[in-house]
Student: 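One structure, as structure tokens, below. Some questions next.
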Amino acid sequence: MKEQLQTPEQPEGLSRKTYQASQNFIHRKIADSDVLISVGSNIANFNGYIELNGSAADLWEKLQTPSRPDELEQLLETKYGISHETAAEHVLDFLKELQEHDMVVVK
């Protein structure tokens, strides 16, 4: 069993929480780009779209169902062959960014 990376920004309880993509954003492939588009009543709060790189698109798709950070880390480790520490850092940054823009529901 892998030890959960703890950083100053990552509270002890983070690994026990689940995260799910907000229904206010949809993922679409436009040409060769993965983008998140604001939909519904959220358009007034966020007009535009966000372009995702490949790993962010993979994480967003995983977040369509409730997921824990360790599950997201495992996805990156397996698919991209990166270290646990690197995966944990990327997941933490991604979840933080999503939370700042109300793009994820935390349970």
Side-chain angles (χ1 to χ4, degrees):
M1 188 164 152
K2 293 185 179 183
E3 184 176 316
Q4 184 73 19
L5 178 67
Q6 298 292 319
T7 64
E9 300 83 22
Q10 183 178 18
E12 181 65 33
L14 181 66
S15 62
R16 293 186 205 109
K17 293 181 181 179
T18 59
Y19 298 79
Q20 187 169 4
S22 168
Q23 294 181 0
N24 292 326
F25 292 87
I26 57 172
H27 176 217
R28 292 289 185 256
K29 190 95 166 156
I30 300 176
D32 290 332
S33 298
D34 287 287
V35 296
L36 293 180
I37 302 168
S38 181
V39 295
S41 62
N42 193 55
I43 292 173
N45 299 327
F46 188 92
N47 188 11
Y49 69 93
I50 297 172
E51 190 168 349
L52 302 174
N53 65 22
S55 60
D58 291 334
L59 292 173
W60 183 261
E61 286 306 308
K62 176 74 173 151
L63 287 168
Q64 296 310 298
T65 58
S67 303
R68 294 184 325 269
D70 62 319
E71 295 170 320
L72 300 170
E73 293 162 7
Q74 182 63 44
L75 170 71
L76 294 182
E77 290 173 43
T78 302
K79 185 161 186 181
Y80 296 98
I82 59 177
S83 71
H84 175 71
E85 292 76 18
T86 300
E89 182 179 327
H90 287 304
V91 167
L92 180 64
D93 290 344
F94 187 64
L95 291 175
K96 183 178 177 185
E97 187 75 22
L98 293 178
Q99 285 181 290
E100 287 176 5
H101 297 287
D102 295 322
M103 298 174 76
V104 68
V105 176
V106 183
K107 299 178 182 180

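In what follows, every heavy atom counts, from backbone to side chain, and hydrogens, waters and symmetry copies are set aside. Here the structure is a predicted model, which is why all the values come from computation and not from measurement.
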Student: Under the side chain to side chain contact (heavy atoms under 4.5 Å, CB included) test, which residues partner Ser67, sequence neighbours left out?
Tutor: Lys62, Leu63, Thr65, Glu71, Leu72
Student: If you define the side chain from C-beta out and look only at heavy atoms, does anything of Leu59 sit under 4.5 Å from Leu76?
Tutor: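 In short, these two side chains touch, coming nearer than 4.5 Å.
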Student: Quick one: does Arg68's side chain get under 4.5 Å of Arg16's, heavy atoms only?
Tutor: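 Sidechains of Arg16 and Arg68: no contact.
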Student: Do Val35 and Ile50 make a side-chain contact, defined as non-hydrogen atoms from C-beta onward lying under 4.5 Å apart?
Tutor: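 No, too far: nothing below the 4.5 Å cut-off.
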Student: Can you name the salt bridge (Lys or Arg N to Asp or Glu O under 4.0 Å) partners of Glu97, sequence neighbours left out?
Tutor: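 For Glu97 there are no salt bridge (Lys or Arg N to Asp or Glu O under 4.0 Å) partners, ignoring immediate neighbours.
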Student: Under the salt bridge (Lys or Arg N to Asp or Glu O under 4.0 Å) test, which residues partner Lys107, sequence neighbours left out?
Tutor: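 Applying salt bridge (Lys or Arg N to Asp or Glu O under 4.0 Å) to Lys107 gives none.
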Student: Checking Asp58 now: which residues fulfil side chain to side chain contact (heavy atoms under 4.5 Å, CB included) with it, not counting sequence neighbours?
Tutor: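 Asp58 satisfies side chain to side chain contact (heavy atoms under 4.5 Å, CB included) with Leu75, Lys79, Tyr80 once adjacent residues are dropped.
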Student: Please enumerate all residues that pass side chain to side chain donor-acceptor pair (under 3.5 Å) together with Ser55, with sequence neighbours excluded.
Tutor: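 For Ser55, the residues satisfying side chain to side chain donor-acceptor pair (under 3.5 Å) (neighbours in sequence not counted) are Asn53.
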Student: List the residues meeting side chain to side chain donor-acceptor pair (under 3.5 Å) with Thr78, not counting sequence neighbours, and say none if there are none.
Tutor: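 Thr78 satisfies side chain to side chain donor-acceptor pair (under 3.5 Å) with Gln74 once adjacent residues are dropped.
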Student: Let me see the working for Gln99 and Tyr19 under side-chain contact (heavy atoms from CB on, under 4.5 Å), right down to the final yes or no.
Tutor: CA-CA 10 Å; Gln99 285 181 290; Tyr19 298 79; 4.1 Å; yes
Student: Listed by chain and number, what are the side chain to side chain donor-acceptor pair (under 3.5 Å) partners of Gln23, not counting sequence neighbours?
Tutor: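 Testing Gln23 for side chain to side chain donor-acceptor pair (under 3.5 Å), a comparison that skips the adjacent residues, returns none.
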Student: For residues Phe25 and Met103, report the shortest heavy-atom separation together with the two atoms involved.
Tutor: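 So the two residues come closest at CE1-CG, 3.5 Å.
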Student: For the atom pair NZ (Lys96) and CZ (Phe94), what is the distance rounded to the nearest 0.5 Å?
Tutor: 14.5 Å
Student: Quick check: closest heavy atoms across Ala21 and Val104, and the distance to 0.1 Å?
Tutor: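 Ala21 and Val104 have their closest heavy atoms at N-CG2, 4.3 Å.
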Student: Name all residues meeting the side chain to side chain donor-acceptor pair (under 3.5 Å) criterion together with His90; count only those two or more places apart in sequence or in a different chain, and write none if there are none.
Tutor: none
Student: May I ask whether Leu95 and Ile82 are part of the same hydrophobic cluster, defined by side-chain heavy atoms of I, L, V, M, F, W, Y residues being less than 4.5 angstrom apart, directly or through others?
Tutor: yes
Student: Check whether Gln20 reaches the backbone of Gln64 with its side chain - one donor and one acceptor, N or O, closer than 3.5 Å.
Tutor: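 Such a contact is found between Gln20 side chain and Gln64 backbone.
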Student: Is there a donor-acceptor contact under 3.5 Å from the side chain of Ser83 to the main chain of Thr86?
Tutor: yes
Student: Mind checking whether Trp60 and Leu52 have side chains closer than 4.5 Å, heavy atoms only?
Tutor: yes
Student: Are the side chains of Glu61 and His27 in contact, using a 4.5 Å heavy-atom criterion?
Tutor: yes
Student: Among residues two or more places apart or on two chains, list those pairs meeting salt bridge (charged side-chain N to carboxylate O under 4.0 Å, His left out) that have a residue in residues 20-29.
Tutor: Lys29-Asp34
Student: Taking only residues two or more places apart in sequence or in another chain, which ones pass side chain to side chain contact (heavy atoms under 4.5 Å, CB included) with Asp32?
Tutor: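 Result, side chain to side chain contact (heavy atoms under 4.5 Å, CB included) vs Asp32: none returned.
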